[in-house]
Amino acid sequence: MPTTRRRRDTPPPRTGSGEAEVLRGFLDYLRASIAAKVDGAPAPEARSAAVPSGTNLLGLLNHLTCVERATFLGEDVTDWQATFTAAPQDSVADVVARYRETVERANAVLDGCADLGAPVPRPRPGRPAPSVRWALTHLIEETGRHAGHADILRELIDGTTGR
């Protein structure tokens, strides 16, 4: 078993009192947490499955990149299971950078959303967009779930713990 290396824990955000500020604050907190958990992980181990389901760090972050793109940028995903695998040529730094760039693009869309009850403004003909509130809540749930998986996987890889 790897030696435990503890990262400094980052407490949950202290955001404003408005619903949008709270939702966006927690989503950004979880986004930063999972990106930090994957960033710097040793390459072969970050791609390797540490559990029977095949889950691995790069696959989790690749999947979340696809979820952000589908939810906020209107990209179509035809095979969700395939999103849990990073391309063979992708390095850890590539996957982390792509995720962070996607988060920036998604935040640019969210910056233009004043009404949480309005649909997410995304170009997807024939498919109704969810409300901004629903999209934020879903991304908090999805990112938090996979950040927990990443916590365990990273600790199994090199003993690194903490947010």
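Each residue takes its place number in the sequence, starting with 1. Computed from a predicted model, the values in this text were never measured in an experiment.
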Minimum heavy-atom separation for [X] to [Y], with atom names?
{"X": "Ala106", "Y": "Glu68", "value": "CB-OE1, 3.5 Å"}
{"X": "Asn56", "Y": "Ala46", "value": "OD1-O, 3.4 Å"}
{"X": "Cys66", "Y": "Val77", "value": "O-CG2, 4.3 Å"}
{"X": "Val109", "Y": "Leu73", "value": "CG2-CD2, 3.8 Å"}

How many angstroms lie between [atom1] in [X] and [atom2] in [Y], if you round to the nearest 0.5 Å?
{"X": "His146", "Y": "Ile34", "atom1": "NE2", "atom2": "CD1", "value": "7.5 Å"}
{"X": "Leu27", "Y": "Leu110", "atom1": "CG", "atom2": "CG", "value": "7.5 Å"}
{"X": "Leu57", "Y": "Asn62", "atom1": "CG", "atom2": "CG", "value": "12.5 Å"}
{"X": "Thr85", "Y": "Leu58", "atom1": "OG1", "atom2": "CG", "value": "10.0 Å"}
{"X": "Leu139", "Y": "Glu141", "atom1": "CG", "atom2": "CD", "value": "9.0 Å"}
{"X": "Leu64", "Y": "Thr143", "atom1": "CG", "atom2": "OG1", "value": "5.0 Å"}

- Message: With clusters defined by side-chain heavy atoms of hydrophobic residues (ILVMFWY) lying less than 4.5 Å apart, directly or transitively, does Trp134 cluster with Leu30?
- Response: no
- Using atom types as modelled and distance alone, determine if a side-chain donor or acceptor of Arg47 lies under 3.5 Å from a backbone N or O of Ala87.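 Looks like yes, one N/O pair under 3.5 Å.
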- Item | Main-chain N/O of Glu104 paired to Asn107 side chain as donor or acceptor, under 3.5 Å | no
Any side-chain heavy-atom pair of [X] and [Y] under 4.5 Å:
{"X": "Leu60", "Y": "Leu153", "result": "yes"}
{"X": "Val92", "Y": "Leu61", "result": "no"}
{"X": "Tyr99", "Y": "Val38", "result": "no"}
{"X": "Arg100", "Y": "Arg31", "result": "no"}
{"X": "Thr161", "Y": "Asp151", "result": "no"}
{"X": "Pro42", "Y": "Ile157", "result": "yes"}
{"X": "Arg98", "Y": "Arg69", "result": "yes"}
{"X": "Val67", "Y": "His138", "result": "yes"}

- Task: State plainly whether the residues Arg154 and Asp158 are in salt-bridge range, i.e. N to O under 4.0 Å.
- Result: yes
- Query: What pairs with Glu45 under side-chain hydrogen bond (donor to acceptor under 3.5 Å, both in side chains), at least two apart in sequence or on another chain?
  - Reply: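 If we apply the side-chain hydrogen bond (donor to acceptor under 3.5 Å, both in side chains) test to Glu45, skipping adjacent residues, there are no hits.
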- Hey, can you tell me if Phe84 and His63 have their rings parallel, tilted or perpendicular (30° and 60° cut-offs)?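 Taking His63 first and then Phe84, their aromatic rings lie parallel (interplane angle under 30°).
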- Message: Suppose we screen for ring pair (Phe, Tyr, Trp, His ring centres under 6.0 Å). Which residues come up paired with Phe26, at least two apart in sequence or across chains?
- Response: none
Please report, to 0.1 Å, the donor-acceptor pairs under 3.5 Å made by any side chain of residues 112-119, with sequence neighbours excluded.
unit_1: Asp115; atom_1: OD1; unit_2: Gly117; atom_2: N; d: 2.9

